[in-house]
Amino acid sequence: MIEIINNNVFHLMNDKVSYVLYLMKNNQLGHLYYGSPLGKLTQNDVDYMLERNNKSAGTVKFYKDDGMFTLSDRLQEYPVYGTSDFKEGAIEIVDSKRTPLYLDFQFVKYEKEFTKERNLAYPATYSENEESQTLKIRLHDSNHNIDLIINYTIFENSAVIARSQEVINKSEDSITIEKLYSGVLELNNNNYDFIHFSGAWLKERHIKKKKLTQGKVSVESLKGASGHQHNPLVLLQEKSGNLNHGDVYGSNIIYSGNFVSQVEIDEWDNLRLLTGINSDYFSWKLGKNESFKSPEAILAYSNEGLNGISNEFSSFIENHVIDRQWQKQNRPIVFNNWEATYHDFTDESLVSLAEKGKSLGMECFVLDDGWFKNRHNDRTSLGDWVTDEKKFPNGLRDFSEKIQDQGLELGLWFEPEMISLDTQLYEEHPDWVVGHPYERKSVGRGQFVLDFSNPEVIENIYAQMKAIIEETNITYIKWDMNRNITEAYSEYLKEKQIDQTEFFHRYISGVYTLYNKILMDFPEMFIEACAGGGGRYDLGMLFYSPQIWPSDDSDAVERLAIMSGTLLGYPLSSFSNHVSASPNHQVYRETSIEMRQHVAMFGPHGYELDLNELGDEEQEKITKGIEWYKENRKLLTHGSFKQLMDPTNPENEYSWGVFNEDVSEAIISFYRILAKPNSAVTEYIEVPFLSEEKTYKINDTEVVSGQTLKKFGLRKPYQYNGANAGQAQVSGDFQSYIYHIIEVDEKEENNG
Ligand code: GLA
């Protein structure tokens with residue numbers, strides 16, 4: 001997988017991609033190529049690719065006696081601003097007097113590594129059984145005595161290249177890192193549109209597409225979390241590309257804190273993508289022999305359009321970021337009491353909901369917010385993780401047994417990073433609250449953030465959580481985080497004389513430490529991440545939490561947009577999906593139970609509504625829906641997922657498909673948001689993934705060849721048009737329809 005030509009060209013390759021870097025004339029690392037596999041490279045190929053006997057105009061040259069060599073127009077692996085390149089660089093370091101260093105990292109040596117173990121201490125990609133190879137390149141800046149190690153990992157059967165950087169201070173004096181991005185991708189044209197995933201609370205990860213032209217575009221967070229507003233995932237889609245065709249590059253980072261993902265286009269249309277820890281409100285001091293490693297970035301490539309890149313990311317994340325144990329097990333069908341009761345419940349009312357849920361086929365009862373002392377609304381009690389005796393007069397153990405004795409799993413909600421001011425925790429440790437010593441501190445949801453840069457805080461919270469986990473034998477944790485960090489400042493860092501600019505990164509590393517502690521002691525604990533819905537849908541979280549609550553908006557129609565965006569870069573199995581009440585509590589929209597089920601059945605499935613309010617008909621539909629989901633659960637959580645209508649331009653309709661490995665079975669959905677008058681009698685959906693060699697039966701009725709379905713199309717359900725009452729299959733606003741397509745034996749069907 002790693003080919004080295006003439007000791008100066010490094011070719012990372014497999015069946016899906018090639019990534020080529022080389023040593024430039026100044027012994028720094030240049031970038032040559034990332035894209036479709038090139039196959040084995042000969043010296044001639046390499047010579048041809050490296051040839052550029054042409055002088056650039058209007059540039060500053062790197063050497064005084066070489067008028068040809070400048071970094072301005074070079075594609076580079078880890079560019080530095082200000083040494084003949086004027087675009088933003090990937091790294092910035094200042095010395096102890098805050099003098100900027102113009103770094104010159106020159107090649108020293110390389111090593112190859114053949115294992116990359118999963119290590120819970122910090123989120124990163126991993127592989128098993130030598131499925132990956134890592135090229136570790138050591139560079140050195142001799143002016144300032146600083147080492148830089150760049151790690152590139154390539155994986156079998158994957159178009160992803162993972163990379164990270166480590167800075168080691170070899171000098172006597174301290175230095176401060178002002179910027180150390182994780183990922184760099186340089187392309188020598190701007191033939192791409194920039195796609196990002198942005199929104200807000202209740203409308204996360206909507207697809208936004210921007211045309212690129214000379215200048216910079218970026219998305220970022222400075223909230224201490226990846227955030228609701230933007231996501232570190234970004235895509236570059238070839239302008240003429242579409243859902244299934246054309247080059248797409250993608251980039252993401254395995255990180256949950258402040259980030260930036262940006263693209264800069266220069267005067268020659270060269271494109272530079274940079275992604276990593278946001279350099280605003282960040283710096284990191286290194287004493288002699290100290291080092292700092294950036295989070296890992298993953299870059300992906302596909303020439304099969306948006307679906308192609310989505311499949312690359314999805315299978316990579318499932319196999320090399322999320323713990324593989326969760327692929328082997330069924331995701332339980334969850335009943336979550338939040339939208340059913342909010343804080344208003346007793347142990348008896350919960351047991352009654354659990355019984356109802358169980359009778360309808362649900363498998364795991366997740367007790368959400370409100371179970372701990374005095375938590376009767378969302379303004380109190382965070383940080384004192386002890387049972388509320390009024391709600392649970394017989395204790396939480398008794399309650400958990402009542403749930404588990406029914407054969408249900410039990411999950412519990414925690415918001416470990418938060419503190420309310422009316423708690424014992426605050427009384428004892430007022431200095432554990434994040435906040436500047438000014439008197440005024442901003443408040444969100446009535447709560448404050450705990451200083452997770454302080455190891456003692458993490459120990460305390462973990463001890464409290466551990467006691468509850470052991471008391472209740474829960475197998476599932478919903479880990480929430482409902483407010484962002486303001487006035488970022490830590491008393492602990494002050495005491496330790498650590499710069500406050502290290503706070504944000506130390507905070508999120510502290511969050512990872514708590515995850516690590518829980519999973520070391522309870523390796524089979526299933527943790528669902530959540531941050532006021534989808535405020536931390538990122539790869540740092542997915543490393544520990546195989547599944548994320550994607551939004552506090554559970555409305556089926558809004559979920560169409562959230563899910564179509566999210567799944568362009570994250571796996572179906574990570575997207576937790578619940579059926580909630582109608583009218584929906586966030587937008588007050590009324591939708592049918594079928595529509596809600598047809599959306600929520602994609603991904604891990606659950607229910608979050610007052611089951612005791614359901615009529616007989618709804619109960620029957622839920623029971624049937626759950627039975628059907630159980631039969632098809634593997635496909636609906638771990639099948640290959642493709643979108644059948646371009647979600648970057650939705651125009652009122654969405655269609656999704658999941659299929660198994662040999663495409664002998666597929667489930668396809670169709671949604672229309674608003675009814676349209678007098679539509680065409682027949683309309684079709686393109687289904688390019690079906691097999692041309694196979695014959696299929698649709699919903700146990702029509703038998704059609706894969707070839708026909710692929711080329712002619714899949715007929716959309718007939719829409720009510722004022723005259724077709726007898727034939728209409730869908731009508732009114734918020735329509736949905738499911739096709740279950742199964743391979744059949746053609747001969748048998750013809751004879752029959
Ligand atoms: C957040 C979560 C919800 C629910 C509430 C409880 O908003 O996203 O799912 O858990 O907190 O307070």
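Start at 1 and go down the list; that is how both ligands and their atoms are numbered. One-based numbering along the sequence shown.
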Problem set entry | Check against side-chain hydrogen bond (donor to acceptor under 3.5 Å, both in side chains), Y537 and S574 | CA-CA 9 Å; Y537 207 113; S574 70; 2.7 Å; yes
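Close approach of ligand 1 to C530 is summarised as follows: ligand atoms under 4.0 Å from at least one heavy atom of the residue are 2 (C), 8 (O). Atoms of ligand 1 found under 4.0 Å from any heavy atom of G533, numbered from 1 in the order shown, are 8 (O). In summary, the atoms of ligand 1 found under 4.0 Å from a heavy atom of N482, numbered by their order in the structure, are 1 (C), 7 (O), 11 (O). Set against the non-hydrogen atoms of D369, the atoms of ligand 1 under 4.0 Å away are 6 (C), 12 (O). Heavy-atom proximity to W549, at under 4.0 Å, picks out these atoms of ligand 1: 8 (O), 9 (O).
For a threshold of 3.5 Å applied to N or O pairs, the pair formed by E608 and ligand 1 contains no separation below that value. At under 3.5 Å, not a single nitrogen or oxygen of H343, backbone or side chain, sits near a nitrogen or oxygen of ligand 1. The shortest N or O to N or O distance between D480 and ligand 1 is below 3.5 Å. Of the polar atoms of W338, none of the N or O atoms is found under 3.5 Å from an N or O of ligand 1, judged by distance alone. Every N/O-N/O distance between A531 and ligand 1 stays at or above 3.5 Å.
Aromatic ring centres of Y122 and Y512: separated by under 6.0 Å. Ring centroid separation for the pair Y607 and H605 comes in under the 6.0 Å cut-off. Checked against the 6.0 Å centroid criterion, the rings of W656 and Y671 qualify as a close aromatic pair. With ring centers used as reference points, W479 lies 6.0 Å or more from F414. Centroid-to-centroid, the aromatic rings of Y342 and H376 stay 6.0 Å apart or farther.
At a heavy-atom cutoff of 4.0 Å, ligand 1 is contacted by the side chain of K478 but not by its backbone. When non-hydrogen atoms are compared, ligand 1 lies under 4.0 Å from neither the backbone nor the side chain of D378.
Nearest protein heavy-atom contact of atom 3 (C) of ligand 1 is D552 OD1, 3.4 Å. Nearest protein heavy-atom neighbour of atom 4 (C) of ligand 1: D368 OD1, 3.4 Å.
The residues E417 and R536 are annotated as salt-bridged, a charged nitrogen and a carboxylate oxygen being separated by less than 4.0 angstrom.
Using a 4.5 Å heavy-atom cutoff, the side chains of F526 and Q547 are in contact.
Using 4.0 Å as the threshold, R445 has a heavy atom nearer than that to some atom of ligand 1.
The shortest heavy-atom contact between L408 and A354 is CD1-O, 3.6 Å.
Evaluation of the side-chain hydrogen bond (donor to acceptor under 3.5 Å, both in side chains) rule for H343 yields D369 as partners, not counting sequence neighbours.
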